[in-house]
Trainee: 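Quick one: the structure is below, questions incoming.
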Amino acid sequence: KINVKRYKEQISMIGLNYDWDREINTTDPKYYKWTQWIFLQLFKKGLAFESSEPINWCPSCKTGLANEDLEDGKCERCGTAVEKKPIRQWVLKIRDYADRLLEDLKDLNWPEHVKESQKNWIGKSEGAKLWFNVANSDEKIYVFTTRPDTLYGVTYVVLAPENKLVQSLKPQIKNWKEVEEYIKKTKIKSEIERTAESKEKTGVRLEGVIVKHPITKEIIPAYISDYVLGHYGTGAVMAVPAHDDRDYAFAKKYNLPIKEVVIETFGEILSEPTRRDVVKAVIIKGSKVLLVNEGDEQYSLPGGSYELGENDNEALSREIIEETGYENFKINDYLGSIERFYRKDMKNNTGENRVRRVAGYKVELLNEEKAKIPYKYILESKWFEMNEAVKILEKTDYNAEALFIQKILDKIYSYTGKGIMINSNHFDGIDNEKAKKEITDYAGGEMTTTYKLQNWVFSRQRYWGEPIPLIHCEKCGVVPVPEKDLPLKLPKIKSYEPTGTGESPLSAISKWVNTKCPVCKGKAKRETNTMPQWAGSSWYYLRYMDSKNNKALVSPKVEKYWAPVDMYVGGTEHATRHLIYARFWHKFLFDIGVVSTKEPFKQLKNQGMVLGSDGRKMGKRWGNVVNPDEVVKNVGADTLRVYESFMGPFEQEISWSTDSMVGSRRFLDKVWRLQDKVVNKHVDSENVILLLNQTIKKVGEDIESFNANTAVSSMMIFTNLLESQEKISKNTYLNFIKILSPFAPHICEEIWETLGNKKLIVLEKWPKYDETKLVSSKVKIVVQVNGKVRSTIEVPLDSQQNDVESAALKNEAVAKWVEGKKIIKKIFIKNRIINFVV
RNA sequence: GCUCGGGUGGCGGAACUGGUAUACGCGCAACACUUAAAAUGUUGUCUAUUUCAUAGAUGCGGGUUCGAUUCCCGCCCCGAGCACCA
């Protein structure tokens, strides 16, 4: 109460006012009655459920937290690293609204980055659900994948350590001890540790678990690894090392097979090409790579086509020796294949339409010894820096081969792009995008959608918070508190300390906890968890519309009149918290007919924070807080208001600068002194009349578009003009005072009264500007020669091209540049510019 | 790594739809008023040069155009969001 009072005082001190009749307080039982009412509606619609899954637990605050309450895996309030702990809790099914929350973003007039944040947070991902059978078991391993097209490339499956399936498979797991240990180790790792170690993959094979590939029926191994997350998708993945970086890293570490099923294609796909497959070597020496000269300024990687019966290694070894002469090398990583189409008419072609499957290998040169007698196919070879070689190859017919070098440079060996299918039976040759659905169908899976958005952990084990209005009855189970009994108030209590056991402090108040079941009148206990701080703020804007209504949270008639909120201003930190929760509740209230709009806030703006003069967030920590009381005392409330308006764009963070503030004070002093020039009857010059009308227009528009800084700037310009006048008409001055009054209400009221007005200036209407007096009868025209400004001339408004031209050419500064030259072209834009091209 | 913003004087920042870049304010300098200071006013203040002028500057490099802070392509830097999301 003390804080509210103080805050109101400060607000009033700087001349801001609100309709305090509508004031609300989310902690007032009269208000939270309706917060509880909304919860009951959610409960009745099955959107609130009890769960005891592991959730984020802050050991310092001793309470569970929602995902949205974390920052980098730490508690947003105290910065403590959260743990995963199974706690009985109430959860809201915000996920059921994920699609609508995403879809309806499109029509909102919100800052792009806020929409983007919400989009990321919701994290919609389309793919397929597939399953793998486990031999000698009824269990199936379900996986979610966005790449069902790569199903033939699966060489193992991985379960999240926390996946329940691991427990069900226990009888078959021969190395249970090892597996159990790994699960334990994962559990104690905090979320941050788990992601921090992302480079090095770890895991344990589930020995004895025989998994069958759904199509090929091949037996593949199963692993658990913490690179698979329990709470996303199905908590299990099919691993395709050839087409996923993470699977590749894991496969390399545990020596698992890598099977390529999608390859990139180059060139246009031809009908009836001749096939001639080749194998190519990326021979590395330090940061350099060897290219061979194919003649005609064409370079390529060494290598060539297979001879009868040769496998990749044999063909490659032979080709390297033949083309480069090097004899001692080791063939290392397979770099994947590509398919390259060569048309007849290409530079280095022998006259047939040809397709080549090009397989690449990384080759290590052991020493630079060459064969004594050169082979007849030997080519001139040359070492290049790898990134240089990429550029050279890209200019040749062999451009596709640059990809192999790029893979080494990027250190990424899996291919995640588009292409055509290979090694996939009858799906070979088709486009991988097309294969997604076809292979899913063939494997008996289904296309599905997953979200990153987690359901909302809605209960807290704190005292402060709205009690969740539910009753646990021994016979009837969970029963809602009857609506007529709302609000369910918090009991008075001595100790607010959290218990730390995962139970709220309320659980210790037996008088409050023990109650009767509203259904069977038998023994029952109250729910002791409370709601998070977000609950009351998720709908408060609706209560402003009808703050005193005790029959409904808002009457439909009133809601129809006011809603939705036209302009909502808040900090950017609300992007993935309050603004998601409020949208969710609003949509729910829409579904049950309480509100008439799908979205709560039509337009959103993020105000930029005023930072300390050191550029840091104001706070005790840095001792850089600017106290408004002091500022008002020193320079006045109006100066503070003008300065804050003028300092910069509304949405931008700006450092406070007491030094710059004097400009605003000087401006107001000037305005004050202008009173001395005011004369009752005076005809202002055309300049003054024009600028007055322009300024009225601009300030009005700037206020609407939140550009207070340019509004103030234009008023300063006008003031400067008035200052240069001997006399000013009272009418002009008073019109100006009217438009200044929202920025500097105190001084303007004073001037208004001094000049003989009886009523307050705030009651005055916004002045109208005269459309006919916005533009001068003469305009300045910029004269350019070859696009360079050479002079400006003054001509009557709306002068025709001919008149402007002759006037411009008479101008000395222009004539100088045009003299003796031929004018090729003239560009004329009315009232703006004339440009001679010579 | 992906996505979204942004980069303009010594500083805060302005510039409509491609049409005089640097408005307005701060700071700084000189001058006027004053015994002096403050306050106020006047003038100047992007850079270089040969300073009545010319040339070059809106993160860097290209392009389109008579003309680009504005549009297109490639890069660099800063801020924000997400991040082993299968």
Side-chain angles (χ1 to χ4, degrees), chain A residues 72 111-125 127-128 143-148 150 157-158 160 194-201 225-229 231-240 243-247 249-250 410 412 416 450-454 572-573 575-576 606 642-643 646-649 651-664 666-667 669-670 673 701 707 709-720 723 780-792 813 816 824-829 831-838:
Chain A
D72 292 328
E112 218 38 61
H113 76 274
V114 175
K115 292 210 243 180
E116 196 61 29
S117 292
Q118 294 214 348
K119 203 176 143 197
N120 285 339
W121 191 262
I122 295 165
K124 184 177 178 171
S125 163
V143 299
F144 171 74
T145 178
T146 53
R147 296 295 305 274
T150 63
V157 293
V158 192
R194 199 164 152 171
T195 46
E197 290 168 7
S198 63
K199 285 165 209 153
E200 184 70 15
K201 298 269 182 292
S225 169
D226 63 8
Y227 86 89
V228 175
L229 308 171
H231 55 77
Y232 183 76
T234 59
V237 302
M238 58 178 227
V240 187
H243 304 292
D244 183 282
D245 302 342
R246 295 149 302 175
D247 296 344
F250 192 84
D410 295 344
I412 292 171
T416 53
T450 329
Y451 301 90
K452 279 199 264 184
L453 182 72
Q454 302 288 305
T572 177
E573 71 275 11
T576 53
N606 295 129
V642 170
Y643 173 60
F646 182 59
M647 66 197 301
E651 307 208 9
Q652 193 175 304
E653 285 191 338
I654 297 175
S655 301
W656 178 265
S657 164
T658 305
D659 291 343
S660 300
M661 195 166 51
V662 304
S664 303
R666 282 179 195 155
F667 163 62
D669 286 346
K670 257 187 225 177
R673 282 198 305 267
E701 287 169 353
N707 292 314
N709 56 332
T710 49
V712 173
S713 155
S714 65
M715 288 188 285
M716 285 174 167
I717 294 169
F718 186 61
T719 309
N720 290 343
E723 217 186 17
K780 259 188 188 175
I781 298 255
V782 173
V783 186
Q784 295 186 336
V785 179
N786 285 347
K788 289 200 196 270
V789 181
R790 293 306 176 190
S791 188
T792 57
K816 198 170 104 187
I824 318 166
K825 201 174 169 186
K826 300 167 215 167
I827 291 114
F828 175 69
I829 292 165
N831 299 330
R832 273 242 164 88
I833 198 168
I834 174 91
N835 184 9
F836 299 103
V837 183
V838 301

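These figures come from a predicted structure and were not determined experimentally. All chains are named by letter (A, B, ...) in the order of the sequence lines, taking the proteins before the strands, and each is independently numbered beginning at 1.
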Trainee: With rounding to the closest Å, how many angstrom separate the P atoms on B/rC72 and B/rC4?
Mentor: 14 Å
Trainee: Describe the nucleic acid contact of A/Pro111 in one word from base, sugar-phosphate, nothing, applying a heavy-atom distance below 4.0 Å.
Mentor: nothing
Trainee: Measure the CG-CD distance between A/Asn606 and A/Glu653 for me, rounded to the nearest 0.5 Å.
Mentor: 11.0 Å
Trainee: Quick one: label A/Val789 by what it contacts on the DNA or RNA (base, sugar-phosphate, nothing), any heavy atom closer than 4.0 Å.
Mentor: sugar-phosphate
Trainee: Quickly work out the A/Asn720 CG to B/rC24 P distance and round it to whole Å.
Mentor: 7 Å
Trainee: Taking atom CZ of A/Arg147 and atom CG of A/Asp247, what is their separation to the nearest 0.5 Å?
Mentor: 11.0 Å
Trainee: What nucleotide, of B/rG25, B/rG81, B/rC4, holds the atom closest to the side chain of A/Glu112?
Mentor: B/rC4
Trainee: Have a look at A/Thr145 and say if it touches a base, only the backbone sugar-phosphate, or nothing, with a 4.0 Å heavy-atom cut-off.
Mentor: sugar-phosphate
Trainee: What does B/rA21 pair with, Watson-Crick or G-U, if both distances are under 3.5 Å?
Mentor: none
Trainee: How close or far is atom C1' of B/rA80 from atom CD of A/Glu651, stated in whole angstroms?
Mentor: 14 Å
Trainee: Rounded to whole angstrom, note down the C1' distance from B/rU70 over to B/rC16.
Mentor: 11 Å
Trainee: Given B/rG25, B/rA86, B/rU20, which nucleotide is nearest the side-chain atoms of A/Met716?
Mentor: B/rG25
Trainee: Would you mind classifying the nucleic acid contact of A/Lys124 as base, sugar-phosphate or nothing, using non-hydrogen atoms under 4.0 angstrom?
Mentor: nothing
Trainee: With rounding to the closest Å, how many angstrom separate the C1' atoms on B/rG7 and B/rU58?
Mentor: 9 Å
Trainee: Find the distance between CE (A/Met661) and CZ (A/Arg666) and round it off to the nearest 0.5 Å.
Mentor: 12.0 Å
Trainee: Given B/rC26, B/rA86, B/rG13, identify the nucleotide with an atom nearest to the side chain of A/Ser660.
Mentor: B/rC26
Trainee: Sticking with atom C1', work out how far B/rG19 lies from B/rA30, rounded to a whole angstrom.
Mentor: 36 Å
Trainee: Heavy atoms under 4.0 Å, any strand shown: does A/Ile717 hit a base, just sugar-phosphate, or nothing?
Mentor: sugar-phosphate
Trainee: When you match A/Val712 and A/Lys670 each to their closest nucleotide on RNA chain B, which lands nearer the 5' end?
Mentor: A/Val712
Trainee: Does OP1 or OP2 of B/rU20 have a side-chain N or O of A/Arg790 closer than 4.0 Å?
Mentor: no
Trainee: Heavy atoms under 4.0 Å, any strand shown: does A/Val237 hit a base, just sugar-phosphate, or nothing?
Mentor: base
Trainee: Using Watson-Crick or G-U wobble geometry with both distances under 3.5 Å, which nucleotide pairs with B/rC75?
Mentor: B/rG59
Trainee: State the pairing partner of B/rC26; accept Watson-Crick or G-U wobble contacts with both distances under 3.5 Å, and report none otherwise.
Mentor: B/rG10
Trainee: Please determine, for B/rA37, whether a Watson-Crick or G-U wobble partner exists with both distances under 3.5 Å, and give it or none.
Mentor: none
Trainee: If I take atom CG in residue A/Asn707 and atom C1' in nucleotide B/rA15, what distance separates them, rounded to the nearest angstrom?
Mentor: 12 Å
Trainee: Nearest 0.5 angstrom please: A/Asp244 CG to A/Thr416 OG1, how far?
Mentor: 8.0 Å
Trainee: Answer syn or anti for B/rG9, where the cut-off is 90° from 0 on the glycosidic torsion.
Mentor: syn
Trainee: In whole Å, what separates the C1' atom of B/rA15 from that of B/rA21?
Mentor: 7 Å
Trainee: From the set B/rG25, B/rG19, B/rC82, return the single nucleotide nearest to any side-chain atom of A/Ile827.
Mentor: B/rG19
Trainee: Does either side chain, that of A/Asn120 or that of A/Lys452, offer a donor lying less than 3.5 Å from an acceptor on the other one?
Mentor: no
Trainee: With rounding to whole Å, what would you report as the distance between B/rA68 and B/rG18 at their P atoms?
Mentor: 14 Å
Trainee: Return yes if the base of B/rG19 and the side-chain atoms of A/Gln784 contain a donor-acceptor N/O pair under 3.5 Å, otherwise no.
Mentor: yes
Trainee: NE2 of A/His243 versus C1' of B/rA86: gap in Å, rounded?
Mentor: 14 Å
Trainee: Please classify the nucleic acid contact of A/Glu723 as base, sugar-phosphate, or nothing, using heavy-atom distances under 4.0 Å.
Mentor: sugar-phosphate
Trainee: For a quick check of understanding: with a heavy-atom distance under 4.0 Å over all strands, which category does A/Ile829 fall into, base, sugar-phosphate or nothing?
Mentor: base
Trainee: Show the numbers, then the answer: is there a side chain to side chain donor-acceptor pair (under 3.5 Å) between A/Lys780 and A/Asn831?
Mentor: CA-CA 7 Å; A/Lys780 259 188 188 175; A/Asn831 299 330; over 6 Å; no
Trainee: At under 4.0 Å between heavy atoms, what does A/Lys788 touch on the DNA or RNA strands: base, sugar-phosphate, or nothing?
Mentor: sugar-phosphate
Trainee: Partner of B/rC2 by Watson-Crick or G-U wobble geometry, both contacts under 3.5 Å, or none?
Mentor: B/rG81
Trainee: What interatomic distance, in whole Å, is found between C1' of B/rU34 and the corresponding atom of B/rA48?
Mentor: 40 Å
Trainee: When the distance from OH of A/Tyr232 to C1' of B/rC82 is rounded to whole Å, what number comes out?
Mentor: 13 Å
Trainee: Are any of A/Lys816's side-chain N or O atoms less than 4.0 Å away from OP1 or OP2 of B/rU54?
Mentor: yes
Trainee: Between the base of B/rC4 and the side chain of A/Lys115, is there any donor-acceptor pair under 3.5 Å?
Mentor: no
Trainee: Mapping A/Thr234 and A/Arg666 onto RNA chain B by nearest heavy atom, which one lands closer to the 5' end?
Mentor: A/Arg666
Trainee: Check whether any side-chain N or O of A/Ser125 sits under 4.0 Å from OP1 or OP2 of B/rA86, and answer yes or no.
Mentor: yes
Trainee: Only pairs with both distances under 3.5 Å count, Watson-Crick or wobble alike; so what is the partner of B/rU69 in this structure?
Mentor: none
Trainee: Who is the Watson-Crick or G-U wobble partner of B/rA48, with both distances under 3.5 Å?
Mentor: B/rU54
Trainee: Do A/Tyr643 and A/Trp656 have their ring centres less than 6.0 Å from each other?
Mentor: yes
Trainee: Ring of A/Tyr227, cation from A/Lys201 - is the NZ or CZ under 6.0 Å from the centre and inside 45° of the axis?
Mentor: yes
Trainee: Measure OH/A/Tyr643 against C1'/B/rC11 and give the value in whole Å, please.
Mentor: 11 Å
Trainee: Select one nucleotide: of B/rA86, B/rG81, B/rG19, the one nearest the side-chain heavy atoms of A/Asn120.
Mentor: B/rG81
Trainee: Touch check for A/Ser713, heavy atoms < 4.0 angstrom, all strands: base, sugar-phosphate only, or nothing?
Mentor: base
Trainee: Considering only the P atoms, how many Å lie between B/rC24 and B/rG41, rounded to the nearest integer?
Mentor: 15 Å
Trainee: With a 4.0 Å cut-off on heavy atoms, is A/Asn835 in touch with a base, just the backbone sugar-phosphate, or nothing at all?
Mentor: base
Trainee: Could you check whether any side-chain heavy atom of A/Val837 comes within less than 4.5 Å of a side-chain heavy atom of A/Ile827, counting everything from C-beta outward?
Mentor: yes
Trainee: Send over the distance from A/Asp226 CG to B/rC84 P, rounded to a whole Å.
Mentor: 11 Å
Trainee: If you take all heavy atoms of A/Trp121 and A/Thr576, which pair is closest and at what distance?
Mentor: CB-CG2, 3.8 Å
Trainee: Starting at CG of A/Asp659 and ending at C1' of B/rC11, how long is that distance when rounded to a whole Å?
Mentor: 11 Å
Trainee: Just to be sure I understand the rule, does A/Asn709 reach a base, reach only the sugar-phosphate, or reach nothing, if contact means heavy atoms closer than 4.0 Å?
Mentor: sugar-phosphate
